[in-house]
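Heads up, the thing below is written out as structure tokens.
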Amino acid sequence: QQGDIGYPMSIPSFRHRGERIRSVEWDARAGTGRVTLDLAPAYPDDIDMVDYTREFLFRPERRLVCRDCVAFETPHRLSWLFQTRRQHGMRLESGLRCRIGDGPTLWIEPHAAEGLPLSASVRETDVVWSYASPVDFVPFDHVRYETETPTSRAAVEFVMTW
């Protein structure tokens, strides 16, 4: 993503490339909602991205779904990172299912479209610190979900429960 790595990450005046919220829906009686984002403009032109839509589906039963649909003109290896402070204890359990914390616990579980195998690993997150840190420069980790083979289309749901 443009500006997501290194020095530009800390510049508040970094140029907006056009990523936007397409729609927001909320049903207060049911306690459900949906937010749809257009993320393709946030990525460099030279990666031949055709479309990138992300939806957040809010559910009342302590469930949040992040649904990504992405398309390219040519195949790419894709990865998704979910980050937290190392002290929260991020670890993989039962294959691709990630556990963050112990009481309360956040679970992340990916569900990819048929024929799109994913791998998972927990790694250290490189952080570009400024002169100060609101969290005392603590280390961060991330779970990385990655396509095992290059693909030109991907649909993945990341189900988060707590």
Side-chain angles (χ1 to χ4, degrees), residues 1-5 9 14 16-43 47 49-72 75-127 134-135 138-162:
Q1 180 173 327
Q2 292 280 358
D4 192 39
I5 298 171
M9 191 173 188
F14 189 75
H16 180 256
R17 293 180 43 89
E19 62 276 18
R20 65 187 179 89
I21 299 170
R22 283 188 188 164
S23 64
V24 175
E25 303 167 20
W26 182 253
D27 183 336
R29 286 190 295 144
T32 61
R34 176 190 308 245
V35 176
T36 304
L37 308 174
D38 175 10
L39 297 181
Y43 289 82
I47 65 169
M49 182 178 283
V50 175
D51 187 49
Y52 187 174
T53 302
R54 172 170 288 164
E55 289 184 305
F56 290 104
L57 307 172
F58 301 92
R59 300 294 180 248
E61 63 276 0
R62 295 181 152 208
R63 182 182 187 90
L64 171 66
V65 177
C66 175
R67 179 186 297 152
D68 276 10
C69 296
V70 62
F72 295 89
H76 293 270
R77 293 257 333 235
L78 306 177
S79 59
W80 293 263
L81 282 63
F82 295 85
Q83 304 177 64
T84 190
R85 295 177 193 165
R86 180 167 297 148
Q87 69 199 44
H88 293 153
M90 177 180 281
R91 60 196 174 274
L92 291 171
E93 295 186 5
S94 345
L96 298 177
R97 192 171 189 216
C98 179
R99 177 187 186 125
I100 302 171
D102 292 306
T105 301
L106 174 70
W107 295 95
I108 303 172
E109 189 168 3
H111 300 277
E114 188 71 30
L116 184 68
L118 296 176
S119 63
S121 60
V122 173
R123 302 179 187 183
E124 181 176 357
T125 298
D126 291 328
V127 178
V135 294
V138 298
F140 281 72
D141 290 327
H142 63 267
V143 61
R144 178 186 184 100
Y145 294 105
E146 188 169 26
T147 57
E148 292 183 351
T149 58
T151 183
S152 58
R153 297 193 177 280
V156 182
E157 286 190 351
F158 297 94
V159 179
M160 291 165 259
T161 55
W162 57 94

Seminar exercise, completed: Minimal heavy-atom distance between Leu96 and Ala120, with the atoms involved, is CD2-CB, 3.6 Å
Exercise. If you measure from the Lys or Arg side-chain nitrogens to the Asp or Glu carboxylate oxygens, is any gap between Glu61 and Arg59 under 4.0 Å?
Worked result: no
Problem set entry | Check against side chain to side chain contact (heavy atoms under 4.5 Å, CB included), Phe58 and Leu64 | CA-CA 5 Å; Phe58 301 92; Leu64 171 66; 3.5 Å; yes
Problem set entry | With Asp126 via side chain to side chain contact (heavy atoms under 4.5 Å, CB included) - residues at least two apart | none
Exercise. Would you say the side chain of Arg63 lies within less than 4.5 Å of the side chain of Thr161, judging by non-hydrogen atoms?
Worked result: yes
Seminar exercise, completed: Residue set satisfying side chain to side chain donor-acceptor pair (under 3.5 Å) with Arg86, at least two apart, ordered chain then number -> Asp141
Seminar exercise, completed: Closest non-hydrogen atoms of Ala30 and Pro60, given as atom of the first, atom of the second and distance, are O-CG, 3.6 Å
Problem set entry | side chain to side chain contact (heavy atoms under 4.5 Å, CB included) involving Ala154 - partner list, sequence neighbours excluded | Val70, Leu78, Trp80, Leu116, Thr151
For this session: Over all heavy atoms of both residues, which pair between Met160 and Cys66 is shortest? Give the atoms and the distance, please.
Result: CE-CB, 3.7 Å
Exercise. Quick one: side chain to side chain contact (heavy atoms under 4.5 Å, CB included) partners of Arg29, sequence neighbours excluded?
Worked result: Asp27
Exercise. Among Thr105, Val122, Ile108, whose side-chain contact (heavy atoms from CB on, under 4.5 Å) with Ile100 holds?
Worked result: Ile108
Problem set entry | Nearest atoms (heavy-atom pairs only) where Ala40 meets Met49 | CA-SD, 3.6 Å
Problem set entry | Residues which pass side chain to side chain donor-acceptor pair (under 3.5 Å) with Ser121, listed by chain and number, not counting sequence neighbours | Arg123
For this session: Looking only at non-hydrogen atoms, find the nearest pair between Tyr145 and Pro110 and report the distance.
Result: CE2-CG, 3.5 Å
For this session: Considering non-hydrogen atoms only, spot the tightest contact between His76 and Thr147 and give its length.
Result: O-OG1, 4.1 Å
Problem set entry | Point-to-point distance, once rounded to the nearest 0.5 Å, from CG of Leu81 to CZ of Phe140 | 13.5 Å
For this session: Could you list all the ring pair (Phe, Tyr, Trp, His ring centres under 6.0 Å) pairs where at least one residue sits in residues 81-127, not counting sequence neighbours?
Result: Phe82-Phe158
Exercise. From Asp38 CG over to Arg20 CZ, what is the distance, rounded to the nearest 0.5 angstrom?
Worked result: 5.5 Å
Problem set entry | Non-neighbouring partners of Glu93 that pass side chain to side chain donor-acceptor pair (under 3.5 Å), sequence neighbours left out | Arg91
Problem set entry | Inter- and intrachain pairs under salt bridge (charged side-chain N to carboxylate O under 4.0 Å, His left out), touching residues 147-162, at least two apart | Arg67-Glu157
For this session: Just jot down the side chain to side chain donor-acceptor pair (under 3.5 Å) partners of Arg34, sequence neighbours excluded, or say none.
Result: Glu55
Problem set entry | Residues which pass side chain to side chain contact (heavy atoms under 4.5 Å, CB included) with Ala155, listed by chain and number, not counting sequence neighbours | Cys69, Ala113
Problem set entry | Rounded distance (nearest 0.5 Å) linking atom OH of Tyr52 with atom CG of Leu39 | 5.5 Å
